[in-house]
2 protein chains.
Amino acid sequence: MSQTGTGTQPGPGPEPGSAEESSTRERILDIALELFTERGYERTSLRQIAERLGFSKAAIYYHFASKEDILIELHLRLHEFGRGALSGIDPAGMSPELAVGILDRLVDQILGHRPLFVLFERNQVALDELHRLRHDAAHEDVEALFQQVLSNPEIALRDRVRMACALGAVMGALVLSEKMFPDVPSAELGALVRDAAHDVLMPAGSA
Amino acid sequence: MSQTGTGTQPGPGPEPGSAEESSTRERILDIALELFTERGYERTSLRQIAERLGFSKAAIYYHFASKEDILIELHLRLHEFGRGALSGIDPAGMSPELAVGILDRLVDQILGHRPLFVLFERNQVALDELHRLRHDAAHEDVEALFQQVLSNPEIALRDRVRMACALGAVMGALVLSEKMFPDVPSAELGALVRDAAHDVLMPAGSA
DNA sequence: GTCTATATAGGGATAGAC
DNA sequence: GTCTATCCCTATATAGAC
């Protein structure tokens with residue numbers, strides 16, 4: 001708890017927003033992303049992360065105040081990209097027609113940042129815990145948004161279930177894709193998944 | 001490692017296959033199912049399980065040789081039900097048409113045993129670890145089966161992606177359903193999800 | 001079948017040297 | 001910025017009494 005929350009670090013390192021910084025901080029995040037995904041957040045120790053980077057466990061604490069802070073930083077990145085696909089959604093006025101466009105953008109975001117999405121797909125419990133503790137910015141949270149939409153009784157149940165299915169189809173297929181379709185170009189895969197999602201949201205027999 | 005692997009227990013308890021036994025062993029499994037789902041396998045300690053049951057941590061070791069054995073036992077139940085939906089599938093001869101029937105059965109199995117499916121949806125990493133260590137009966141494993149089907153180059157890529165999407169739609173919607181559609185009867189929910197899955201596998205414009 | 005007490009290990013985190 | 005050494009805590013698991 002000694003460092004400031006997130007992003008503010010000592011020394012002359014590049015700003016958090018700038019790209020292509022290969023600072024130690026970045027390398028820690030990269031390895032953590034890998035290990036958290038493979039072995040899970042809880043099963044991954046700071047020792048293992050440090051080992052891969054060639055230095056000791058304690059060194060990590062210069063860059064992050066806690067293990068949880070590493071996860072939080074990765075979570076922030078997910079939000080960053082998630083917002084790109086979900087900006088300006090009104091939970092009250094949602095419809096399958098609008099959902100088509102949203103899911104299209106989501107497919108692109110997932111394909112562009114697959115490891116990040118896989119990480120959180122495989123560590124839902126750790127994510128939940130994060131949300132329960134720190135509810136900063138929880139309003140703009142992706143999950144909460146979906147909850148609002150899918151629980152909205154103004155929308156026909158059938159449509160809500162379809163939206164849940166479409167979301168599941170997109171997430172499921174793209175998360176599986178790394179193992180199942182490793183050689184398929186992202187563009188091709190994205191097009192196929194989008195088509196499938198469209199058929200869920202707006203089946204041929206509907207208005 | 002003192003007890004025999006699974007199911008063989010001392011004393012006059014009912015056979016593992018018999019239903020409605022409310023033995024301590026069963027109660028441990030029930031509580032573990034709850035806690036593993038809510039807080040995750042790794043974050044749940046045997047102390048917490050014992051606390052809920054009103055006895056001490058050590059007592060659990062009379063019924064299970066290890067914490068992992070509890071998870072294994074729950075995993076076996078999942079397989080039991082999974083097999084019901086996936087019996088006699090030939091990975092080589094799979095098609096969207098056949099997948100429709102399989103997914104229909106899978107929807108029923110999930111709706112009938114939702115907590116179990118949610119457990120493993122939320123604890124994929126723990127499950128993976130299980131599979132890596134004990135590969136007994138891994139052949140009849142659900143995940144391995146899907147891998148074989150979805151990686152089979154004999155099947156058109158489009159169809160394989162559709163199957164992955166349909167699976168994701170079913171799993172996603174039904175896992176979300178506990179929170180999103182708690183009041184919807186299973187039969188109604190199942191019908192809606194099946195319809196959606198059908199539209200993914202066999203969209204109106206196809207043969 | 002359940003208890004208390006304990007062995008053993010490993011985790012996250014801190015202090016202070018370099 | 002990274003190190004070693006250490007603290008403290010909690011976890012799984014075992015031993016042996018009841």
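First the proteins, then the strands, lettered A, B, ... as listed; each starts at 1. No hydrogens, no waters, no symmetry mates; every other heavy atom, side chains included, goes into these values.
- What separates CZ of F64(B) from P of dT12(D) is a distance of 14 Å, to the nearest Å.
- Ion pairing between D108(B) and R194(B) holds under the 4.0 Å rule for side-chain N and carboxylate O.
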Table please: side-chain donor-acceptor pairs of residues 153-175 of chain A below 3.5 Å, with sequence neighbours left out.
from: R160(A); atom 1: NE; to: N152(A); atom 2: O; distance (Å): 3.2
from: R160(A); atom 1: NE; to: I155(A); atom 2: O; distance (Å): 3.0
from: R160(A); atom 1: NH1; to: L150(A); atom 2: O; distance (Å): 3.0
from: R162(A); atom 1: NH1; to: V200(A); atom 2: O; distance (Å): 3.0
from: R162(A); atom 1: NH1; to: D199(B); atom 2: OD2; distance (Å): 2.7
from: R162(A); atom 1: NH2; to: D199(B); atom 2: OD2; distance (Å): 2.9

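- In this view, E51(A) and R47(A) satisfy the salt bridge (charged side-chain N to carboxylate O under 4.0 Å, His left out) rule, not counting sequence neighbours.
- Rounded to whole Å, atom P of dG1(C) lies 11 Å from atom CD1 of I28(B).
- When the P atom of dG16(C) is taken as reference, atom OH of Y61(A) falls 17 Å away, rounded to whole Å.
- Under the salt bridge (charged side-chain N to carboxylate O under 4.0 Å, His left out) criterion, E178(A) pairs with no residue, sequence neighbours left out.
- Residue pairs satisfying the ring pair (Phe, Tyr, Trp, His ring centres under 6.0 Å) criterion with at least one member in residues 98-118 of chain B, sequence neighbours excluded, are listed as follows: F81(B)-H113(B).
- Computed from coordinates, the I60(B) CD1 to dT4(C) C1' distance equals 16 Å when rounded to whole Å.
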Cut-off 3.5 Å, no hydrogens considered: what does the side-chain donor-acceptor table look like for residues 31-41 of chain A, sequence neighbours left out?
from: E34(A); atom 1: OE1; to: R52(A); atom 2: NH1; distance (Å): 2.8
from: T37(A); atom 1: OG1; to: L33(A); atom 2: O; distance (Å): 2.6
from: R39(A); atom 1: NH1; to: E129(B); atom 2: OE2; distance (Å): 3.3
from: R39(A); atom 1: NH2; to: R43(A); atom 2: O; distance (Å): 3.3
from: Y41(A); atom 1: OH; to: E68(A); atom 2: N; distance (Å): 3.3

Expected string for nucleotides 2-11 of chain D under the B/S/- scheme (protein heavy atoms, under 4.0 Å, primed atoms plus P, OP1, OP2 as sugar-phosphate) is BBB------S
